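Treat the numbers as computed from the prediction; the structure is a model and nothing was measured. Residue numbers start from 1 in every chain, and the chains themselves are labelled A, B, ... in the order their sequence lines are given, proteins ahead of strands. All values below come from the heavy atoms of this structure, side chains included, with hydrogens, waters and symmetry mates left out.
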Amino acid sequence: MTELTSSLSPSMSRTRTINPVPWLLSAPGAIFFLALLGMPLIMTLILSFNSFDYSIGIVSSFGLENYYEVLRDSYFHEIFLRTYSISIAVVILCIIIGVPEAYILSRMRNPWRSLFLVVTLAPLLISVVVRTLGWVLLIGGNGLLGKFLEAIGIAESSAGNLMYTHTGVILALVHVLVPLMVISVWAALQKLDPAVEHAGLSLGASHGTVFRRVVIPQILPGILSGSLIVFALSASAFATPAIIGGRRLKVAATAAYDEYLNTMNWPMGAAIAIVLLVANVVVVMSYNRMMERRFRRTLG
Amino acid sequence: MLHNSKLALTFHSLFVVFLLAPLVVVMLVAFTPNGYISYPTNGFSLRWFVAIFEYPAFIRAFWNSLYLGVAAASISALLAVPAALAIVRYSFRGRDALVGLFLSPLMIPHVVLGVAFLSFFSQIGIYGSFWALIAAHVIIVMPYTMRLVMASVFGMDRSAEKAALSLGASQWTMFRRITIPMILPGVAGGWILAFTTSFDELSMTIFVASPSTTTLPVQMYNHIAHTVDPLIASVSTVLIVLTVLFMVLLDRLYGIDKVLIGKG
Amino acid sequence: MSFLHLESLTKRYGNNVAVQDMTLDIAQGEFVSLLGPSGCGKTTTLQMIAGFVEPSRGRIWMNGDDITSCKPNQRGIGIVFQSYALFPHMTVAENVRFGLEMRKVPISESRQQVWEALELVRLEHLEDRYPRELSGGQRQRVALARALVIRPPLLLLDEPLSNLDAQLRENMQIELRNIQQQVGTTTLMVTHDQSEALSLSDRVVVMNEGKVVQVDEPFSAYENPKNKFVSSFVGKTNLFACHIDQQIGSQAQVKLGDYQLEISVPIDIQGDQVQLSIRPEKLELTHQGAGQLNGCVRTRLFLGNHWLYQVDSSIGELLITQPNLGVQGAAVGEDVGIRWQEGAVRILGEQAHD
């Protein structure tokens with residue numbers, strides 16, 4: 001996106017006086033966003049400073065007690081720790097699986113390449129609920145994984161029951177998010193000049209060395225931006241942890257949902273949401289800073 | 001052309017199995033003749049597809065999602081086209097901030113948006129209305145529309161507009177006959193991506209949808225949270241088949257890779 | 001009265017002057033080229049005539065009317081853009097018809113006119129194709145037909161051949177010249193390619209750094225360049241700095257190495273530091289001692305219809321082209337003589353001409 005806007009020519013501004021045209025053109029969208037995105041977020045921020053009484057409901061006061069609780073209480077610590085450790089595991093697995101797969105795809109010939117690219121990306125258009133349901137059927141109490149493990153004699157069928165476990169949640173999240181990693185790396189690979197690989201081979205490097213020394217450094221921006229997307233989405237994922245993790249494995253998103261719709265403690269839910277939002281924004285922002293600094297010169 | 005080794009092809013096969021297994025399992029279970037979750041080992045049955053029609057909640061939710069997707073995608077396109085023209089073609093103070101504003105929903109977890117919309121809509125008294133739901137979805141899908149429309153405005157050869165003017169077209173005729181048709185592929189791609197995003201959205205919608213405005217993903221989630229039965233598998237199967245049909249159509253009309261790349 | 005008259009046309013962008021004080025007259029039916037390197041202001045001039053760029057100062061007159069503040073869609077000028085700017089969502093026929101549609105020409109008449117325009121560029125069989133289904137040369141011709149169908153009083157060509165490969169470019173040059181003479185539309189072309197400008201135009205306007213340097217017929221511009229810039233931009237040349245030893249009237253004695261040269265000096269040359277210019281094709285290789293200078297062949301390139309030599313001589317390095325007459329020329333390392341006709345040497349002022 002930055003490449004798109006930064007390379008725009010300023011030649012359109014004919015005069016130094018303020019031209020009202022761009023303002024008029026963008027006004028409907030801008031007003032819509034300020035009213036329907038800005039206001040709700042500000043309202044949530046205010047709500048997070050209020051307090052809650054189980055007998056009265058929301059008390060409009062101003063205090064930081066919700067944040068104290070979120071940041072101090074071991075119950076919430078556990079939830080946030082779980083959210084981010086799951087996210088990191090998902091990112092690592094997505095890199096291990098997605099990067100080689102994108103590379104293999106890029107080396108395929110058509111029509112195989114287009115076919116498998118669509119097979120890889122198509123799940124993105126299928127509802128997350130459906131994809132998670134598939135995992136429930138696979139790793140549930142009477143699921144296919146258990147039967148498979150039993151059939152090949154590795155373990156009892158109960159070992160295949162991964163419902164309400166970290167492994168189950170991570171597995172399903174990797175399935176949901178790995179196509180995004182593949183797209184991201186694929187896009188970076190498209191920019192790669194195939195002759196560069198041939199050059200590496202002609203200079204006597206092995207395939208492995210070429211991949212490590214020539215390919216990886218060039219697609220690193222793709223891997224990093226893929227990681228960022230996967231991390232941000234798994235940290236805020238709702239459907240998959242809610243269905244597979246259930247009440248036993250609460251993450252930040254499901255905890256906020258419970259505070260809102262079950263406990264009805266809106267101020268506490270708002271505080272969790274704000275913490276989640278701030279953490280997300282900090283990660284994305286610092287990533288952008290880092291990318292700008294690191295890649296501005298080499299891969300402008 | 002470099003070739004993939006045997007090891008690479010094995011890895012690739014496992015990847016494809018991993019990706020497709022959950023979807024295949026859902027479709028298999030949908031055909032079970034039994035009253036509980038099981039594989040159709042003793043014959044295929046369509047009873048669970050017939051059963052969908054005995055649950056009008058799913059049908060209603062499907063139509064809700066369809067209307068919602070069409071409305072949100074269309075409104076976002078109407079807002080995005082003029083905004084993209086302003087952002088790409090003019091340099092003015094606050095342009096970067098404007099881009100940031102329109103793309104910001106990508107950075108905000110959907111659960112947070114759900115929480116925010118829930119309190120906002122109940123505060124101003126429109127919670128539960130379909131219009132509130134549409135407004136919330138416009139916010140969520142706008143970044144996708146915006147990105148594709150901006151890219152197409154940016155990529156357009158502006159000398160075609162000059163050519164139209166030199167041939168005597170008025171500004172309005174030029175916009176209608178040249179500009180709009182030339183950015184239409186981008187707008188259409190944005191619309192489709194916006195529609196699918198809206199149609200599948202759960203994490204935000206679950207806070208905002210009321211019983212009368214329940215969408216299909218919310219309805220399905222609530223069903224799964226309560227019980228996992230072959231009915232939900234058959235509903236999912238219908239959804240998978242519809243999505244695949246939609247994708248085939250899309251690929252014929254537009255080239256599916258162009259849409260999917262915008263998702264990343 | 002000229003047909004197109006530019007009067008002190010100037011365009012400033014902040015502190016940069018893109019075009020400075022340009023005055024030019026073009027007669028009805030004339031084909032004129034604006035020739036210069038990129039950034040010389042030729043495209044800005046074209047954009048001002050088309051109405052897409054507002055002049056900072058000066059006026060544009062067409063057919064006796066002041067069109068300086070006229071909107072681009074009211075000028076009626078035909079333009080062929082560098083990128084062709086075809087409408088990708090319209091067929092060839094629809095592209096060509098667009099201008100007629102804007103003029104509300106009834107469909108029965110416009111069909112005939114579209115046909116005629118396509119016939120002119122020999123594309124009548126492709127009227128239902130879309131631009132993406134055409135080759136570069138075909139697109140170029142559609143763009144020309146689209147610009148000509150409105151019978152514009154003036155045709156502007158913006159680097160019209162720069163996107164074509166060498167072979168096609170030559171064919172299109174001939175075709176463009178024929179079509180222009182056939183329809184007789186006054187034409188102004190912008191180009192950075194000197195051979196294109198020389199071959200197509202009645203007159204060439206050489207521009208540099210926003211200013212007109214020389215306006216002349218192609219042959220005169222090539223043979224009698226006004227200064228160093230024109231001599232090296234229009235064609236190749238060998239340039240030598242030298243000193244006028246003695247001048248009687250317009251005849252001067254100049255020393256070129258050991259060789260004493262008598263040459264006529266144009267009146268507008270001032271001072272005694274001058275440049276001598278001699279074109280590579282005006283030099284001839286001969287036996288050592290048989291020419292005015294002696295030298296040794298350093299490099300030889302065979303270019304099919306001619307050879308290009310780089311020869312070290314007592315006055316410095318010389319570029320020499322020799323036609324391929326079917327016999328092997330001098331070899332690398334060979335000692336040669338260099339000969340030229342009286343009058344082949346031109347004398348130029350040291351400074352760019354203002």
Under 4.5 Å from any heavy atom of chain B - which part of [X]:
X	value
A:Val283	neither
A:Ala35	backbone
A:Ala253	both
A:Val182	side chain
A:Leu47	side chain

Measuring from [X]:[atom1] to [Y]:[atom2], what's the distance to the nearest 0.5 Å?
X	Y	atom1	atom2	value
B:Leu193	A:Leu125	CG	CG	8.0 Å
A:Met43	B:Phe121	CE	CZ	10.5 Å
A:Leu124	B:Met247	CG	CE	9.5 Å
A:Asn19	B:Phe92	CG	CZ	9.5 Å
B:Gln123	A:Met39	CD	CE	9.5 Å
A:Ile244	B:Ile224	CD1	CD1	9.5 Å

(message) How about CD on A:Gln190, more than 12 heavy atoms from neighbouring residues, nucleotides or ligands closer than 6.0 Å, or not?
(response) yes
Only pairs of heavy atoms separated by less than 4.5 Å count here; which of [options] has the most with chain B?
options	value
A:Pro179, A:Gly98, A:Ala30, A:Ser184	A:Ala30
A:Ala237, A:Gly29, A:Ala232	A:Gly29
A:His175, A:Glu259, A:Met285	A:His175
A:Gly246, A:Pro100, A:Gly140, A:Pro123	A:Pro100

If you take all heavy atoms of [X] and [Y], which pair is closest and at what distance?
X	Y	value
A:Leu171	B:Phe18	O-CZ, 4.1 Å
B:Val111	A:Ser236	CG2-O, 3.9 Å
A:Ile97	B:Phe11	O-CZ, 3.5 Å
A:Thr44	B:Ser119	OG1-OG, 4.0 Å
B:Phe102	A:Ser26	CZ-O, 4.3 Å
B:Leu118	A:Leu261	CD2-CD2, 4.1 Å

By a 4.5 Å heavy-atom criterion (distance strictly below it), what part of [X] contacts chain A: side chain, backbone, both, or neither?
X	value
B:Ser65	neither
B:Ser76	neither
B:Ala80	neither
B:Val25	both
B:Ala8	both
B:Ile232	both
B:Leu19	both

Heavy-atom pair count under 4.5 Å with chain A, highest-scoring of [options]:
options	value
B:Ile206, B:Leu28, B:Leu202	B:Ile206
B:Ser236, B:Ala116, B:Ser203	B:Ala116
B:Ala84, B:Pro109, B:Ala225, B:Ala83	B:Pro109

(message) side chain to side chain contact (heavy atoms under 4.5 Å, CB included), that's the test. Do A:Leu36 and B:Phe120 meet it? Break it down for me.
(response) CA-CA 9 Å; A:Leu36 285 153; B:Phe120 180 67; 3.9 Å; yes
(message) Consider side chain to side chain contact (heavy atoms under 4.5 Å, CB included). Of A:Asn280, A:Val281, A:Leu37, which one does B:Ile108 pass it with?
(response) A:Leu37
(message) With heavy-atom distances below 4.5 Å as the criterion, would you say the side chains of A:Leu137 and B:Val228 are in contact?
(response) yes
(message) Taking the side chain as everything from C-beta on, heavy atoms only, tell me whether B:Leu79 gets closer than 4.5 Å to A:Phe33.
(response) no
(message) The test is side chain to side chain contact (heavy atoms under 4.5 Å, CB included); show your working for B:Phe15 and A:Thr120 and say whether it passes.
(response) CA-CA 9 Å; B:Phe15 178 80; A:Thr120 309; 3.7 Å; yes
(message) Is it the case that the ring center of B:Phe207 lies less than 6.0 angstrom away from the ring center of A:Tyr257?
(response) yes
(request) Report yes if the distance between the aromatic ring centroids of A:Phe238 and B:His110 is under 6.0 Å, otherwise no. (result) no
(message) Within residues 127-135 of chain A, which residues come under 4.5 Å of chain B, heavy atom to heavy atom?
(response) A:Ser127, A:Val129, A:Val130, A:Arg131, A:Leu133, A:Gly134, A:Trp135
(request) Anything in residues 136-143 of chain B with a heavy-atom distance to chain A below 4.5 Å? Please list those residues in order. (result) B:Val138, B:Ile139, B:Met142
